[in-house]
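Worksheet: one structure, shown below.
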Amino acid sequence: MKTKNQYINNNYLNYVKSVAPKTNEVRSLLRAFWVGGFICCLGQFFRIIIENNFELPPDMTAGYVSMIMIFLGSFLTGLGVYDRIGKYAGGGSIVPITGFANSVVSPAIEFKTEGYIYGVASKMFTIAGPIIVYGVASSVLVGLIYYIYYLVV
């Protein structure tokens with residue numbers, strides 16, 4: 001015997017299934033793969049250009065490439081191009097560092113009308129904030145594990 005809540009949940013799920021657009025998973029995966037791969041290849045291209053022309057050490061080269069990719073992601077978000085790339089590529093556009101830049105810039109643009117303090121500054125990290133917090137926390141945890149491991153060994 002179904003309870004009233006189970007009946008309502010099943011009706012809702014059936015309604016969502018009937019209204020939701022059908023997706024082609026293979027096409028979505030291929031788009032995500034090639035767009036994400038292209039963005040990564042673009043980053044590698046900038047790395048090769050910087051290494052060959054400026055003869056910087058690898059860590060400085062990585063920093064410059066990261067800055068270039070973050071700038072491109074932010075710039076394309078400001079122009080509205082990155083949203084179209086994200087709609088086309090899905091998850092392939094959010095994996096590289098440009099997706100992180102997009103997740104910071106998009107809310108900043110959206111809430112600009114509320115002012116620079118209560119709009120841009122307070123809403124800028126609504127999407128990226130948890131990623132930063134958990135990324136820092138997990139890196140500290142991994143660093144402590146490595147530190148303790150090397151103390152014991």
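Along the sequence shown, residues carry numbers from 1. Note: hydrogens, waters and symmetry copies are ignored here, and every other heavy atom, side chains too, is used.
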task: To the nearest 0.5 Å, tell me how far Cys41 SG sits from Phe46 CZ.
output: 12.0 Å

message: If you count every heavy atom of other residues, nucleotides or ligands that lies below 6.0 Å from Tyr88 atom OH, does the total exceed 12?
response: yes

query: Atom CD1 in Ile68, atom CG in Leu42: separation rounded to 0.5 Å?
result: 9.5 Å

query: Nearest 0.5 Å, what's the CG-CG distance between Asn24 and Leu29?
result: 9.0 Å

- request: Please list, chain by chain and in numerical order, all residues satisfying salt bridge (Lys or Arg N to Asp or Glu O under 4.0 Å) with Arg47, sequence neighbours excluded.
  value: Glu51

message: I'd like to know if Val81 and Ile97 are part of one continuous hydrophobic network [Ile/Leu/Val/Met/Phe/Trp/Tyr, side-chain heavy atoms within less than 4.5 Å].
response: yes

- prompt: Would Phe45 end up clustered with Phe54 when hydrophobic side chains under 4.5 Å apart are linked, directly or stepwise?
  reply: yes

message: Using every non-hydrogen atom in the two residues, find where Lys17 and Lys22 come nearest and quote the distance to one decimal.
response: O-NZ, 3.2 Å

- prompt: Measuring from Ile85:CD1 to Ile94:CD1, what's the distance to the nearest 0.5 Å?
  reply: 13.5 Å

query: Same hydrophobic cluster for Val65 and Met60, using side-chain heavy-atom links shorter than 4.5 Å among ILVMFWY?
result: yes

message: Hydrophobic cluster membership, with links at side-chain heavy-atom distances under 4.5 Å among I/L/V/M/F/W/Y: are Tyr150 and Ile148 in one?
response: no

statement: Residues Gly90 and Ser93: closest non-hydrogen pair is O-OG, 2.9 Å

- request: Rounded to the nearest 0.5 Å, what's the gap from CZ on Arg84 to CG on Leu76? Could you check?
  value: 10.0 Å

- prompt: About how many Å separate CG of Leu151 and OH of Tyr147, when rounded to the nearest 0.5 Å?
  reply: 4.5 Å

query: Ile70 versus Thr98: any side-chain heavy-atom pair under 4.5 Å?
result: no

message: Taking the side chain as everything from C-beta on, heavy atoms only, tell me whether Asp83 gets closer than 4.5 Å to Asn102.
response: yes

- request: Just jot down the ring pair (Phe, Tyr, Trp, His ring centres under 6.0 Å) partners of Phe75, sequence neighbours excluded, or say none.
  value: Phe71

- prompt: Should Tyr64 and Ile48 be regarded as members of a common hydrophobic cluster, given that ILVMFWY residues are connected when their side-chain heavy atoms come within less than 4.5 Å of each other, either directly or indirectly?
  reply: no

message: Any non-hydrogen side-chain atom of Met69 less than 4.5 Å from a side-chain atom of Ile39?
response: yes

- line: Glu25 meets the side-chain hydrogen bond (donor to acceptor under 3.5 Å, both in side chains) criterion, sequence neighbours left out, with Thr23

